[in-house]
Amino acid sequence: MLGLLLALSMILAGCGGEEVKSNEAGGKKALRVVTDAAYAPFEYMDKDKIVGFDIDVLTAAAKEAGYTVEFNHVGWDPIFVEIEKKRADIAISSITINDDRKKSYDFSIPYFLSTNKILIPETSEIKGANDLKDKIVAVQNGTTGQAAMDALIGKNSSNIKKFENNNLAIMELIKGGADAVVADNAVIEEYAKNNPDKKLKVIRDDTFASEFYGMMFPKGSAIKADFDKALNKIIENGTYSKIYKERFGTEPDLEKLKS
Ligand code: ARG
């Protein structure tokens, strides 16, 4: 009898042998994941497909936790609205975990260590954040890069040019409308490396804080615990390191992730 039930439930689950947990909507409906896929190498469009490090990590964690997921490129600002209004189950988008956001959203355990850096033309004289005080800086609106520039240059300064996505901020720099872009290190480092014809370089400034990325959930989300557990699991079993190596070519510093 038990065997029969088991066989029956396997057939119903699609014979994959993999358990598929039902979510709020019941049945096997995929979790709705929202992102701003204009932030390579973390999330970006490859033709009509959303790809990147974040996508790989969440896909692996979801598989581990027994959920199916569906990624939607909605843009940066809409991510926060979708999660706040509970129209999406998870957001992954290189989102820095900070106290301000924690007031309105829940976050997973950290899955990536990042910091803001400065993208400038190769010939620029800018040496660090202090030199940005009287310069025009392009940032993505509503990011920690913008917050850092608000603090440095002044919150409503017209010297801070804000863009809907980070690629537009980089375009502004390239066409000469800004002296620098401030954004997450891996993103601007990858851009400078992949576009040598644009003759850009990245400099660091130790006054920019270390930041951790987390998956973001609606407050009180019931699935957060499952994803924390799954993240821990894929970090322990080597899946995370494999993904990291594929995307960045180096081993991750797992100790730093835990601290
Ligand atoms: N880590 C920064 C923040 O949380 C920037 C993230 C931007 N992400 C994106 N997909 N555009 O504010």
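Computed from a predicted structure; not experimentally measured.
- Take E64 and apply the side-chain hydrogen bond (donor to acceptor under 3.5 Å, both in side chains) test, not counting sequence neighbours, and it matches no residue.
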Does the side-chain contact (heavy atoms from CB on, under 4.5 Å) test come out yes or no for E255 and K258, once each step is laid out?
CA-CA 5 Å; E255 279 313 305; K258 279 177 211 152; 3.4 Å; yes
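- In this structure a side-chain-to-backbone donor-acceptor pair under 3.5 Å is missing from D206 to R204.
- Here the closest non-hydrogen pair linking A186 and P41 is O-CD, 3.8 Å.
- The backbone N or O of A38 lies less than 3.5 Å from no partner atom in the side chain of N165, so there is not a single donor-acceptor pair.
- Remark: the D36 side chain and the Q140 side chain contain an N/O donor-acceptor pair separated by less than 3.5 Å.
- Within the 4.5 Å cutoff, no side-chain heavy atoms of N72 are placed close to those of I50.
- Surrounding CG of D48 are at most 12 heavy atoms belonging to other residues, nucleotides or ligands under 6.0 Å away.
- The nearest pair of heavy atoms linking T239 to A60 is CG2-CB, 4.0 Å.
- A chain of hydrophobic side-chain contacts below 4.5 Å, direct or via other Ile, Leu, Val, Met, Phe, Trp or Tyr residues, connects F42 to V69.
- Other residues, nucleotides and ligands contribute over 12 non-hydrogen atoms within 6.0 Å of the NZ atom of K162.
- Put simply, the side chain of Y240 gets close to the backbone of Y111: a donor and an acceptor are under 3.5 Å apart.
- Applying the ring-ring contact (aromatic ring centres under 6.0 Å, His included) test between F53 and each of F248, Y213, Y39 identifies F248 as the sole match.
- Put simply, L58 and V51 are part of two different groups of oily side chains (I, L, V, M, F, W, Y) that touch within less than 4.5 Å, one to the next.
- Separation of atoms CD1 (I79) and CD1 (I92) is listed at 10.0 Å; rounding is to 0.5 Å.
- Residue I170 shares its hydrophobic cluster (ILVMFWY side chains chained together at separations under 4.5 Å) with L119, M171, L173, I174, V181, I188, Y191, L200, V202.
- When all heavy atoms of I234 and A61 are compared, the pair lying nearest together is CD1-N, 4.1 Å.
- The residues D89 and R32 are annotated as not salt-bridged, no charged nitrogen and carboxylate oxygen being separated by less than 4.0 angstrom.
- Checked by atom type and distance alone, the side chain of T115 pairs as donor or acceptor with a backbone atom of A209 at under 3.5 Å.
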Run the numbers on I55 and T59 for side-chain contact (heavy atoms from CB on, under 4.5 Å), then give the verdict.
CA-CA 6 Å; I55 309 307; T59 302; 4.1 Å; yes
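- Here E82 pairs with R87 in a salt bridge; the nearest charged N to carboxylate O distance falls below 4.0 Å.
- In this structure, CG on D56 lies 4.5 Å from CZ on R247, to the nearest 0.5 angstrom.
- Looking only at distances, no side-chain donor or acceptor of K155 sits under 3.5 Å from a matching main-chain atom of D150.
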All N/O donor-acceptor pairs, side-chain side in residues 215-223, below 3.5 Å, sequence neighbours left out:
| unit_1 | atom_1 | unit_2 | atom_2 | d |
| --- | --- | --- | --- | --- |
| K219 | NZ | K102 | O | 2.9 |
| K219 | NZ | Y105 | O | 3.4 |
| K219 | NZ | D106 | OD1 | 3.0 |
| S221 | OG | I223 | N | 3.2 |

Applying side-chain contact (heavy atoms from CB on, under 4.5 Å), run through D77 and E164 and close with a yes or a no.
CA-CA 8 Å; D77 290 333; E164 190 184 317; 5.6 Å; no
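- The backbone N or O of F107 lies less than 3.5 Å from a partner atom in the side chain of K224, making a donor-acceptor pair.
- The nearest pair of heavy atoms linking D54 to S94 is OD2-N, 2.8 Å.
- Residues passing the side-chain contact (heavy atoms from CB on, under 4.5 Å) test with D100 are N98, K103, sequence neighbours excluded.
- Considering CD of E190 and CG of D184, their distance stands at 13.0 Å, rounded to 0.5 Å.
- Ring orientation note: the planes of W76 and F80 are nearly perpendicular, at an angle over 60° on the 30°/60° scale.
- Here F71 contributes atom CZ and I90 contributes atom CD1; the two are 8.0 Å apart, rounded to the nearest 0.5 Å.
- Around CD of E246, the count of heavy atoms belonging to other residues, nucleotides or ligands within 6.0 Å exceeds 12.
- Under the 4.5 angstrom side-chain criterion for Ile, Leu, Val, Met, Phe, Trp and Tyr, the cluster partners of I203 are I118, I120, I126, L132, V137, V139, M149, L152, I153, I160, V182, F208.
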Verdict with supporting geometry, Y244 and T250, side-chain contact (heavy atoms from CB on, under 4.5 Å)
CA-CA 7 Å; Y244 191 103; T250 56; 3.6 Å; yes
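- Using a 4.5 Å heavy-atom threshold, the side chains of V34 and P78 count as separate.
- Judged as a side-chain hydrogen bond (donor to acceptor under 3.5 Å, both in side chains), and not counting sequence neighbours, the contacts of K161 are E172.
- Around the CG atom of N156, the shell of radius 6.0 Å holds no more than 12 heavy atoms that belong to other residues, nucleotides or ligands.
- Using modelled atom types, one side-chain atom of Q146 and one backbone atom of G142 make a donor-acceptor pair closer than 3.5 Å.
- Counting all heavy atoms, side chain and backbone alike, A169 lies closest to F163 at CA-CD1, 3.7 Å.
- Of all heavy-atom pairs between S241 and L254, the closest is OG-CD1, 3.9 Å.
- Remark: side-chain polar atoms of N185 are not paired, donor with acceptor, to backbone N or O of S114 under 3.5 angstrom.
- The distance from atom CG of N130 to atom OG1 of T207, rounded to the nearest 0.5 Å, is 7.5 Å.
- How far OG1 of T96 is from CZ of F112: 10.5 Å, rounded to the nearest 0.5 Å.
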